[in-house]
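Predicted, not measured: the structure shown is a model, and the values here were computed from it.
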Amino acid sequence: MKVENSATEVRGVAVPPPGRPGGGTGLAFLGVLAFSGTMPATVFAIRGFDPWLVAIGRAVIAGFIAILCLKAARRPLLPPRSQWPAYALISLGVVLGFPVFSSLALGLGASTAHSAVVVGLLPAATAICAVLRAGERPRPLFWAACTAGAAAITAFTLIQHQGTPSWPDLLLLCALASAAVGYTEGGRLAKHTPGWQVISYALVLSLPLTIPVTTALSFATPITLTWDAVAGFAYVSVISMFVGFIPWYAGLARGGIARAGQTQLTQPLMTIAWAWLLLGERFGVLTVVAALAVLVCVAITQRART
């Protein structure tokens, strides 16, 4: 009896066939769970390190982890040259853009809870990028729920600042735009390359820039080594910058970038919970209402298949 191999092989890498959308959603949620601790961890990290050092230095630590993983798996340290432009976008988006803009916003005084709700716009931005870059075509119900979630977060931001966005808000918008681009490109590549290799290649390609910048910042900025600062730096370097992307990119590839990406609408609630437990941050009813509103929207988007 002949048994056919259900895996496909692309550029010498065996890749399992795409699973059901629900499986992609589950994997994406694991990534979101890892990412939900990023902002509280960043707050801890910038208590002892300069925000620029936290943003760039995490990519160096994650980059060395990526090299070890690629070596252990006997994979090349660099992706095919034809894919370099796509990996450059990933690097600019999630290796550099999001960490820099979010760290600066938190360094300027944005609270973790507020930042989490604003970044809740990220799934909407990712869905738009998925249409433009990945050719996905979500149904009208999807867009209606996505728009409602974005509207809830926009209203929340404007109400909190009397109708005028603050500088931290503008930085957070730059952060989510950067992440949306990086997520979309990573999700596209993860359809034929394992997610851990996608983020590994993006990190390795960034090392010629991140290593010298991190070295310079280490000498030019003050450093106060405390347990909470070191723990926060370790979390954003290992979990946020590397481990979280493994299930995240796999989930985007299996479930569809636009659809699976909407699981990130649950991130504000989880981040708010971490901020309360770890940082003792207080937040008003408006913050909870806005977070719950986007949680309802994600439930609707998950019922609207792409």
State, yes or no, whether a side-chain contact exists between [X] and [Y] at a heavy-atom distance under 4.5 Å.
X	Y	value
P247	F29	no
S237	F242	no
L189	Y87	yes
Y201	R75	yes
L278	F44	yes
S102	T42	no
L205	W84	yes
V236	M39	no

Which ILVMFWY residues can you reach from V181 by hopping between side chains whose heavy atoms are under 4.5 Å apart? L89
Measure the spacing between [atom1] of [X] and [atom2] of [Y] and express it to the nearest 0.5 Å.
X	Y	atom1	atom2	result
T25	L27	OG1	CG	9.0 Å
D169	L108	CG	CG	11.0 Å
L96	I90	CG	CD1	12.5 Å
I246	S200	CD1	OG	7.0 Å
L173	F101	CG	CZ	11.0 Å
Y249	E185	OH	CD	9.0 Å

Centroid separation F35 to F245 less than 6.0 Å: yes
Verify whether the ring centers belonging to Y183 and W248 lie closer than 6.0 Å. yes
When you measure from the side chain of [X] to the backbone of [Y], do you find a donor-acceptor pair of N or O atoms at a distance under 3.5 Å?
X	Y	result
Y235	A45	no
T112	A275	no
S36	L33	yes

Determine which pairs satisfy salt bridge (charged side-chain N to carboxylate O under 4.0 Å, His left out) with at least one residue from residues 196-214, sequence neighbours left out, and list them in order. none
Where do [X] and [Y] come nearest, in terms of heavy atoms and distance?
X	Y	result
P212	L207	CD-O, 3.8 Å
A59	M241	CA-CG, 4.2 Å
S115	L106	OG-CD2, 3.6 Å
G63	V204	O-CG2, 4.3 Å
G93	P99	O-CD, 4.5 Å
G244	A34	CA-CB, 3.7 Å

Run the side-chain donor-acceptor check on residues 46-58: report pairs under 3.5 Å with partners two or more places apart or on a different chain.
| residue | atom | partner | partner atom | Å |
| --- | --- | --- | --- | --- |
| R47 | NH1 | D228 | OD2 | 3.3 |
| D50 | OD2 | W52 | N | 2.9 |
| R58 | NE | V54 | O | 3.3 |
| R58 | NH2 | S103 | OG | 3.3 |

With [X] via side chain to side chain contact (heavy atoms under 4.5 Å, CB included) - residues at least two apart:
X	result
L77	I67, L70, K71
T147	none
A216	none

Is it true that atom CH2 of W196 has more than 12 heavy atoms of other residues, nucleotides or ligands lying nearer than 6.0 Å? yes
Honestly curious: do L225 and F233 fall in one hydrophobic cluster under the side-chain, below-4.5 Å linking rule? yes
Treating Ile, Leu, Val, Met, Phe, Trp and Tyr as nodes and any side-chain heavy-atom pair under 4.5 angstrom as an edge, say whether L68 and I65 lie in one connected cluster. no
